Amino acid sequence: MRILGIDPGKTIGLAVYDTHEQTVTEASQARTVQEVAEYVRQALGANRVDAFAIERPRIYSHAGNELADTIEQFGALWRVCGGTAPLPAETRAAQAGVYRVDVQGWDFSRPLYGVERRAVVRELYRVLGEDVRGDAGVWAALVELHGGRGTADRRATRAEPAGVLGLLHGLPHGRAAFATAWAAGQIEDGQSNG
């Protein structure tokens with residue numbers, strides 16, 4: 001399954017993760033919801049995406065205007081990917097911190113996930129059996145799960161192709177989008193096998 005992960009914020013991260021090949025096939029960053037809408041339109045038109053996963057912002061303590069803007073942007077991105085799909089606040093959680101709806105199109109049905117950071121960390125704990133903290137810890141754990149540092153995250157050179165996560169080099173928001181897509185893939189796989 002190819003899952004488009006989206007990390008909302010001032011800079012919007014985008015990453016397509018192929019769960020079968022366990023590789024990132026596309027990665028970029030955008031500045032506006034309109035740019036993401038165009039990316040989604042093209043990806044759907046070329047059949048490069050089977051599902052969507054958007055990091056759902058959550059207020060754990062204090063929050064300011066930037067988080068409020070990100071929450072608003074999440075709603076706009078949800079609509080871009082899901083059309084009239086109900087927002088997470090309008091639907092039942094699939095599990096703590098995970099919201100899933102099926103998006104109906106003219107000729108397709110695709111899952112759309114809202115995934116909170118706590119669900120990403122929980123999936124990493126389930127796979128690794130140890131706690132992971134912070135963005136750097138999440139990235140390090142995902143690199144290890146995909147072949148290790150220097151292999152999974154290797155940049156493409158004339159002599160060698162990029163590692164399975166190499167397209168994310170220099171794209172911190174793309175990395176966060178990938179983490180969201182990876183967690184959605186783990187959850188989707190668990191639902192289809194469970």
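Remember, it's a predicted structure, so these values are computed and weren't measured experimentally.
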Can you measure from OG1 (T70) to CZ (R58) and round to the nearest 0.5 angstrom?
-> 16.0 Å

Are L167 and V164 connected in a single hydrophobic cluster, I mean Ile/Leu/Val/Met/Phe/Trp/Tyr linked by side-chain heavy atoms less than 4.5 Å apart?
-> yes

Should the heavy atoms of other residues, nucleotides or ligands under 6.0 Å from CD of E72 be counted, would the total exceed 12?
-> no

Exactly one of P86, P88, P111 clears side chain to side chain contact (heavy atoms under 4.5 Å, CB included) with V101, and that residue is P86

Do T180 and I54 touch side chain to side chain, with heavy atoms closer than 4.5 Å?
-> no

Pairwise ring-ring contact (aromatic ring centres under 6.0 Å, His included) hits with a residue in residues 115-144, at least two apart = none

What salt bridge (charged side-chain N to carboxylate O under 4.0 Å, His left out) pairs are there with at least one residue in residues 12-36, not counting sequence neighbours?
-> E26-R48

Note, V16 side chain near V24 side chain (heavy atom, < 4.5 Å) | no

Shortest non-hydrogen contact from A53 toward A184 | CB-CB, 3.6 Å

Please determine, by modelled atom types, if E38 and Q34 share a side-chain donor-acceptor pair under 3.5 angstrom.
-> no

To the nearest 0.5 angstrom, please state how far the OG atom of S28 sits from the CD1 atom of I12.
-> 10.0 Å

Indicate if V121 and Y113 have the same hydrophobic cluster label, given that clusters are the connected sets of ILVMFWY residues with side-chain heavy-atom separations under 4.5 angstrom.
-> yes

Straight-line distance of E116 CD to R56 CZ, nearest 0.5 Å = 5.0 Å

Is there a donor-acceptor pair under 3.5 Å between the side chain of T23 and the backbone N or O of T25?
-> no

Q95 vs I187 side-chain heavy atoms within contact, under 4.5 Å = yes

Apply side-chain contact (heavy atoms from CB on, under 4.5 Å) to L124 and list each qualifying residue two or more places apart in sequence or on a separate chain.
-> V120, L128, V132, V138, A141, L142, L145, W182

Just do the salt bridge (charged side-chain N to carboxylate O under 4.0 Å, His left out) check on D69 and K10 with the steps written out, would you?
-> CA-CA 9 Å; D69 291 345; K10 236 183 237 186; over 6 Å; no

Hey, does F52 have a side-chain heavy atom less than 4.5 Å from the side chain of L77?
-> no

Calculate, to the nearest 0.5 Å, the distance between atoms CG and OG1 belonging to D50 and T19 respectively.
-> 8.0 Å

OG1/T32 to CD/Q73 distance, rounded to the nearest 0.5 angstrom?
-> 9.0 Å

Check whether any side-chain heavy atom of V40 sits under 4.5 Å from a side-chain heavy atom of C81, and report yes or no.
-> yes

Gap between atom CG of D7 and atom CG of L171 - 0.5 Å precision | 11.5 Å

Where A15 and A177 come nearest, the two heavy atoms and their spacing = N-CB, 3.8 Å

May I have all residue pairs that pass side chain to side chain donor-acceptor pair (under 3.5 Å) and include part of residues 142-155, sequence neighbours excluded?
-> Y17-H146, R155-H169

Would you call R117 and P57 a side-chain contact if the rule is heavy atoms closer than 4.5 Å?
-> no

Pairs meeting criterion ring-ring contact (aromatic ring centres under 6.0 Å, His included) with involvement of residues 72-96, two or more places apart = F74-W78

Would you check if R2 and V49 make a side-chain contact, meaning some heavy-atom pair closer than 4.5 Å?
-> no

Does a side-chain heavy-atom distance below 4.5 Å link R79 with L87?
-> yes

Single-linkage hydrophobic cluster, 4.5 Å side-chain cutoff, I6 and V103 together | yes

Taking the hydrophobic residues Ile, Leu, Val, Met, Phe, Trp and Tyr, and joining any pair whose side-chain heavy atoms are under 4.5 Å apart, which ones share a cluster with M1?
-> I3

